[in-house]
Amino acid sequence: MTWLDVPADSPFGLHNLPYGVFSTEGSAPRVGTRVGDLVLDLAPCAEQAGMESYAVWAQPSLNAFLAQGRPAWTAAREWVTEVLTNPARRDCVEPHLVPVADVTMHLPVEVADYVDFYASEHHASNVGRIFRPDSEPLTPNWKHLPIGYHGRSGTVVVSGTDIVRPSGQRKPPTEEVPVFGPSVRLDIEAELGFVVGGGTELGSPVSVADSDEHLFGVVLLNDWSARDLQAWEYVPLGPFLGKSFATTISPWVVTTDALRSARVPLPGQTDPAPLPYLQGEATEDGAGTAYGLDITYEVEWNGTVVSRPPYRTMYWSPAQMLAHMTVNGATLRDGDLFGSGTISGPERDQRGSFLELSWSGQEPVTLDDGSERTFLEDGDTVVLRATAPGPGGSTISLGECVGTIRPAR
Ligand SMILES: O=C(O)/C=C/C(=O)CC(=O)CC(=O)O
Ligand SMILES: [Ca+2]
Ligand SMILES: [Mg+2]
């Protein structure tokens, strides 16, 4: 219970407590936590309460806090819960609460390295069928390793940032040579982003079992994708300009601690079993150290919910992606971000991209206003939302990830 006026069933209740970077008019961006429809300005509250490390929160990003590592993150969560529930702390909390309606949210993390995986079997199979109709839907390596590519960290933007339609080379099937111009197959990818902290030294891999030491939290992530640019450029070195123009993330980083009740076993990895370095260990809750997450998404296109991708159907786990990403000795840096890959479930209305939903443009999607869509048009707005089960029947919100398409320049 809390003395604060937060409804017991708020998806931003005390079970959630996500971190973000906010500002109010005329003030500098700094770290806050959200509780109900309020934001707690953490640094001044912690300073007044006599907390030693309050300065990590007086920063325009979460990176200093991320650098502190798992023991500090867990202690901070306990401290925040204590000050919000203990009436004796009211004096150092109340002056530092701001209504969420009065704040501007900023990019929560100064993104270090950005990697994007491809962990949904349903998505990978769908895209394989669409892009490579004459081959097996999954490539031979797919069930042996979590496939990924390096993205462009400097173009990760916060929810609400407009997305300018990218221009580039594409080669229509009817043309002999490529043409240059605005993308005509602009798409979304509904993903979960993992925010990493507790940087490592070069040459020291992180095991599946130790991954929780580095997995700070999650954000909603939209990997905007220009399918026509991508199809022409990406063999054999992978996605480049077709995806590097913008990636949107939600402003509130929901901690892995808050998502403990959402842990579920993976859907199954038996044929083939992964190599030992990708295998998790059993845990008491049955989810294992290579756990999946029970998070349900909503993809809204100009006000119509067109899909509900279920994260629990993902083949590879976040711990496996992290272990794979470092198994060659590559470092982790505070502020690293990796995407799960597009989340698609087995049903049509669970697909996480419009490429799949419209089956490469052949099956248009009808919106509530009667209009039809295959790919994104200028002025279109896409909102991703997601929720997860919290403890004791509560619900945890991951907030929103919004973007509107602006015409090419
Ligand atoms: O299979 C392909 O050729 C291409 C796949 C993608 O574009 C998806 C990608 O970015 C990874 C993902 O989001 O799952
Ligand atoms: Ca992607
Ligand atoms: Mg992208």
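Side chains included, hydrogens not; waters and symmetry mates left out as well; all remaining heavy atoms used. Order of appearance sets the numbers: ligands from 1, and atoms from 1 within every ligand.
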Exercise for the section: Please collect all side chain to side chain donor-acceptor pair (under 3.5 Å) contacts where either partner lies in residues 228-238, sequence neighbours excluded, each pair once. Expected result: R132-Y234, Q169-W232, S183-D228, R227-Q230

Problem - Under 3.5 Å: donor-acceptor pair, side chain of D380, backbone of E377 - result: yes

Practice task
Tell me whether the centres of the aromatic rings in W224 and F245 are closer together than 6.0 Å.
Solution key: no

Exercise for the section: Please calculate the OD2(D116)-the Ca ion (ligand 2)-OE1(E189) angle and round it to 10 degrees. Expected result: 150°

Practice task
Kindly report the OD2-the Ca ion (ligand 2)-OE2 angle for D223 and E191 respectively, rounded to 10°.
Solution key: 100°

Problem - Contact check, side chains of V179 and P172, non-hydrogen atoms, under 4.5 Å - result: yes

Handout entry: Close side-chain approach of S120 and I343, heavy atoms under 4.5 Å
Key = no

Problem - Amino acids contacting ligand 1, non-hydrogen cut-off under 4.0 Å - result: D116, F117, Y118, H123, V127, F131, R132, Y149, E189, E191, D223, R227, Q230, Y234, K243, G341, T342

Problem - Distance-only polar pair, side chains of S358 and R185, donor-acceptor under 3.5 Å - result: no

Problem - Trace of the side chain to side chain contact (heavy atoms under 4.5 Å, CB included) decision for L40 with C45 - result: CA-CA 8 Å; L40 176 61; C45 169; 4.1 Å; yes

